[in-house]
Asker: 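Below you'll find the structure I mean.
Values below: every heavy atom of this structure, side chains too, minus hydrogens, waters and symmetry copies. Protein chains get the first letters and strands the later ones, always in sequence-line order, with residue 1 at the start of each.
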Amino acid sequence: MSRRILATCALPYANGPIHIGHMVEHVQGDVWARAMRMAGHTVHFVCADDAHGTPIMLRAQREGITPEQLIADSNTQHQADFRDFHIGYDHYSSTHGEANRALTVRIYEALRDTRHIESKSVRQFYDPDKDMFLPDRFIKGECPHCHARDQYGDSCEVCGKTYTPTDLIEPYSVISGARPVEKESVHYFVRLGDFEPMLREWLAERRQAGGLQVEVVNKLEEWFSDGLRSWDISRDAPYFGFELPDAPGKFFYVWLDAPVGYLASFSEYAAEAGLDRDAFLEADAAAEAGTEMVHFIGKDITYFHTLFWPAMLHGAGLRTPSAVYVHGFLTVNGAKMSKSRGTFINARTYLEHLDPDYLRYYLAALLGPTLADLDLDFKAFEERVNSHLVGKWANIASRCAGFVHKFFDGRLTDAIAPELRQRYDDAVARLQPCAELFEKREYAHAMRLVMGVADDTNAWIAEKAPWKMAKDESQREQLHQVASMAINLFRLLSAWLKPVIPATVARAETFLSSTSSQFGDVDMPLAGHVLAPFQPLLTRIDPKKIQAMIDDSKSSMNAAPAPAATPATATQPATPTIGIDDFAKLDLRVGKVTVCEHVEGADKLLRFELDAGELGSRQIFSGIKAAYPEPEKLVGRNVVFIANLAPRKMRFGLSEGMILSAGEGGADLKLVEVDAAARPGATVR
RNA sequence: GGCUAGGUAGCUCAGACGGUUAGAGCGCGGCACUCAUAAUGCUGAGGUCGGCGGUUCGAUUCCGCCCCUAGCCA
């Protein structure tokens, strides 16, 4: 049955270039769209730039241009990057357009009219120099918990504790450096809790249909059990975005109108291409038409796409997503992308050095349906692409094309021998599951099947040894049979690789003088068909080009400071020798236990409060419950703790240090004790 | 700490509803071949399937505990 699907990838933010991390998602989505089309379905694949928000407004000011100009430039670059990576969007729009404004306002008004929006006065920091309210990320100051300096207004990167900007000590505006003042402002909130029953139902249906991954469902259950909070959807002027229709000076928060961009982009495309827009977007019409809407997103934005988004759509009478497919992040050489290591690679930089199909294949060969992160290991990248694409697949055509041209004028045999035909039919059957594997985003599995057939084909060619037949005039017919079949098998493999490496397969199709737009097009082998001359389809990856790309990525960053303390976790010996300086970094102190108790809901934890003398009182969680089942007996004892360990946010509260104990863990743990005469707060040396 | 996922050959991973010698690709060694972009084929080495217990005639596969890694905790 042919399906009609609207597919999207998450909207890249207009305030930065496309990098190879983005490509995981756009390749995943593009392969899916292409494969589904080749399986006979209709897929409309759209995307857009996410163009609103304070960062864009401020950057435009800094560069002395209008935000409109900034986002237009970005859009041009983004579109070029995707196009050159062969990401085949039917339409690529921007959230800063009339279609998006109309839809955003419609959603807002629908929610307002059904009383799902409330307004509240909020106290917020305001930059008196710039005359604007400051988003949390634009305020810095000293963490109220661990007193680390220069921490953002929403959370501390040192201790992980979250708070509100007004909790910061000595706050300052990142924009002007001025000390922000608190100011009241009315904000609008969507009462997300109102939608819990609807969301639960949506979730249950998606789970049933496979539209949400198990991990995502689990995560959602957790969010439900924690309770859904209202969502602040307005921001005060000046802001680059859409103004609320009934509240001058109030703008929609960028995250409200961003996903609406999916619908806006499709609306524009539908108008342009003469499609029935409502059949894809309006709840009733979509239900009747049986269309689907599928989103590909990264795991960091799961919350927005599985809670806010379906709720907003539902509230406005729009269709909800049929599926939200979540993928993991890209690491490079086993670590987060890093500008200083040259592994933060922009799409454009990659394209200047390497063929996009290399990366598409590598990612596809790694991609599965889970949220697991993917690693771009350059050594593996080089080896896999060279071996699989050049050595296995392209080689089949390369090694047999010569026979066909030299002895048979480029013409494949007219009558395929039955035993060879059997080989072809077997291969068709073996690759058949790939269609479903593509649909289920099991690309790695599909690529294994394809390469397995390529392996067998090469082995079969070796067994038949057509080069020997070529030397024997009497074996011409057999040679024709074998070479023709090899080319046919190559064509079959090419069709299944087409969603992944479309440009390279297009070259293969030039050689074959035959194109396939559906997987079914290659069910039958070609007979009596004339081939074009063979040209190399792709070259092996030259490791020098990878290196050049890394060097370029390093130099394109503007003089970042040397990473003095980058931990090389993977390469360090298990117990490296340390110097006295390292030891001196530890601030070990004596603490007198003033409170010690079980923690509700924790299997292993005890909660301590320590009197630490001049350091005051400290709360520390320690996983030693198994060893000390009667915690109250510890009160009054002197223990040793690390006083300068970065505080750590736990579910049960902040743990401000670590208490030392000896043993293998579990019940075998003994507190390190200090003579009762020791003074609380005394330094341990 | 909670939740989730994962820990299987040097690397990337597959697999087993528990049952003879645990698989693939890449990489590495040897041999063969010479049609092919030094591509291909055959073959070899390499794994106490994270650890400890339990259930069982039998567990890497099921159960429990523990250790480690990653992500999430809005």
Asker: Does B/C26 have OP1 or OP2 under 4.0 Å away from a side-chain N or O of A/S387?
Answerer: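 It does, given that an N or O in the side chain of A/S387 lies less than 4.0 Å from OP1 or OP2 of B/C26.
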Asker: Mind calculating the distance between CG (A/L449) and P (B/G25) to the nearest angstrom?
Answerer: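 It is 14 Å, rounded to the nearest whole Å.
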Asker: Let me spell it out: for each of A/E383 and A/L192, pick the nucleotide of RNA chain B with the closest heavy atom. Which residue's pick is nearer the 5' end?
Answerer: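 Final value for this comparison: A/E383.
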Asker: Using 30° and 60° as the class limits, which term best fits the ring planes of A/F344 and A/H19: parallel, tilted or perpendicular?
Answerer: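 The rings of A/F344 and A/H19 sit tilted, inter-plane angle from 30° to 60°.
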Asker: Examine B/G10: is either OP1 or OP2 under 4.0 Å from a nitrogen or oxygen in the side chain of A/K379? Give yes or no.
Answerer: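 Checking B/G10 against A/K379, no side-chain N or O comes under 4.0 Å of OP1 or OP2.
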Asker: For B/G46, which nucleotide in any strand shown is its Watson-Crick or wobble partner with both distances under 3.5 Å?
Answerer: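 Answer to the pairing question: none, since B/G46 forms no Watson-Crick or G-U pair.
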Asker: Not counting sequence neighbours, which residues clear side-chain contact (heavy atoms from CB on, under 4.5 Å) with A/T331? List them please.
Answerer: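 Expected list: A/D375.
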Asker: Among residues 361-378 of chain A, which ones have heavy-atom contacts with RNA chain B below 4.0 Å?
Answerer: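 Of all residues in residues 361-378 of chain A, the ones placing a heavy atom under 4.0 Å from RNA chain B are A/L366, A/D373.
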Asker: Without decimals, in angstroms, what is the distance between A/I297 CD1 and B/G71 C1'?
Answerer: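 Going from CD1 in A/I297 over to C1' in B/G71 covers 14 Å.
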Asker: Under a 3.5 Å cut-off for both contacts, is B/A59 paired Watson-Crick or G-U wobble with anything, and if yes, with which nucleotide?
Answerer: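 Paired with no nucleotide.
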Asker: Taking any strand in view, what nucleotide pairs with B/C65 in a Watson-Crick or G-U wobble way, both distances under 3.5 Å?
Answerer: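 By the stated definition (distances under 3.5 Å), B/G51 pairs with B/C65.
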Asker: Round to a whole Å and report the spacing from CZ of A/F511 to P of B/U37.
Answerer: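 Taking CZ of A/F511 and P of B/U37, I get 13 Å after rounding.
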Asker: Restricting to side chain to side chain donor-acceptor pair (under 3.5 Å), what partner residues turn up for A/Q124, sequence neighbours left out?
Answerer: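 Testing A/Q124 for side chain to side chain donor-acceptor pair (under 3.5 Å), a comparison that skips the adjacent residues, returns A/H187.
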Asker: Applying the Watson-Crick and G-U wobble criteria at under 3.5 Å, what pairs with B/G18? Answer none if nothing qualifies.
Answerer: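 The answer is none; no pair meets the criterion.
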Asker: Which nucleotide, in any strand shown, forms a Watson-Crick or G-U wobble pair with B/C33, with both distances under 3.5 Å?
Answerer: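 The answer is none; no pair meets the criterion.
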Asker: Give the rounded distance in Å between these two atoms: NE2 of A/H405 and C1' of B/C35.
Answerer: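 Spelled out: NE2 on A/H405 to C1' on B/C35 is 14 Å.
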Asker: Take atom CG of A/D357 and atom C1' of B/U37, then tell me their distance rounded to the nearest Å.
Answerer: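 A/D357 atom CG is separated from B/U37 atom C1' by 17 Å.
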Asker: Taking the cut-offs as 6.0 angstrom to the six-membered ring centre and 45 degrees off its axis, would you call A/R384 and A/Y361 a cation-pi pair?
Answerer: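 A/R384 over A/Y361 ring: no.
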Asker: Calculate the interatomic distance between A/Q481 atom CD and B/C35 atom P; express it in whole Å.
Answerer: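 These atoms are roughly 22 Å apart.
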Asker: Rounded to the nearest angstrom, tell me the gap between atom CG in A/L212 and atom P in B/C72.
Answerer: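 It is 19 Å, rounded to the nearest whole Å.
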Asker: Taking the C1' atom in each of B/G15 and B/G47, what is the distance between them to the nearest angstrom?
Answerer: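 It comes out at 15 Å once rounded to the nearest Å.
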Asker: Any ion pair linking A/E221 and A/K219 (charged N to carboxylate O, less than 4.0 Å)?
Answerer: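 The answer is no: the pair does not qualify as a salt bridge.
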Asker: Using the P atom as the point on both nucleotides, what is the distance between B/U69 and B/C26, in whole Å?
Answerer: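 After rounding to an integer number of Å, I get 32 Å for this pair.
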Asker: For A/F224, does the six-membered ring have the charged nitrogen or CZ of A/R200 within the cation-pi criterion, i.e. under 6.0 angstrom from the centroid and within 45° of the normal?
Answerer: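 Relative to the ring axis of A/F224, which defines the angle, A/R200 lies inside both limits.
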Asker: Provide the Watson-Crick or G-U wobble partner of B/G71, both distances under 3.5 Å; none if there is no partner.
Answerer: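 Across all strands, the one nucleotide that pairs with B/G71 is B/C3.
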Asker: Side chains of A/S494 and A/W393: donor-acceptor distance under 3.5 Å anywhere?
Answerer: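 Yes, a side-chain donor-acceptor pair sits under 3.5 Å.
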Asker: Take the protein atom CZ of A/R384 and the nucleotide atom C1' of B/A39, then report the distance between them rounded to whole Å.
Answerer: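 One finds 19 Å between C1' of B/A39 and CZ of A/R384, rounded.
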Asker: Tell which nucleotide pairs with B/A24, taking only Watson-Crick or G-U wobble pairs whose two distances are both under 3.5 angstrom.
Answerer: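 B/U12 - that is the nucleotide pairing with B/A24, both distances being under 3.5 Å.
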Asker: Please tell me which of A/A380 and A/A394 maps to the more 5' nucleotide of RNA chain B, matching each residue to the nucleotide holding its nearest heavy atom.
Answerer: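 Its nearest nucleotide being more 5', the pick is A/A380.
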Asker: I'd like to know if A/D542 pairs up with A/K545 as an ion pair, taking the criterion as any Lys NZ or Arg NE/NH1/NH2 lying under 4.0 Å from an Asp or Glu carboxylate oxygen.
Answerer: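 Salt bridge absent between A/D542 and A/K545.
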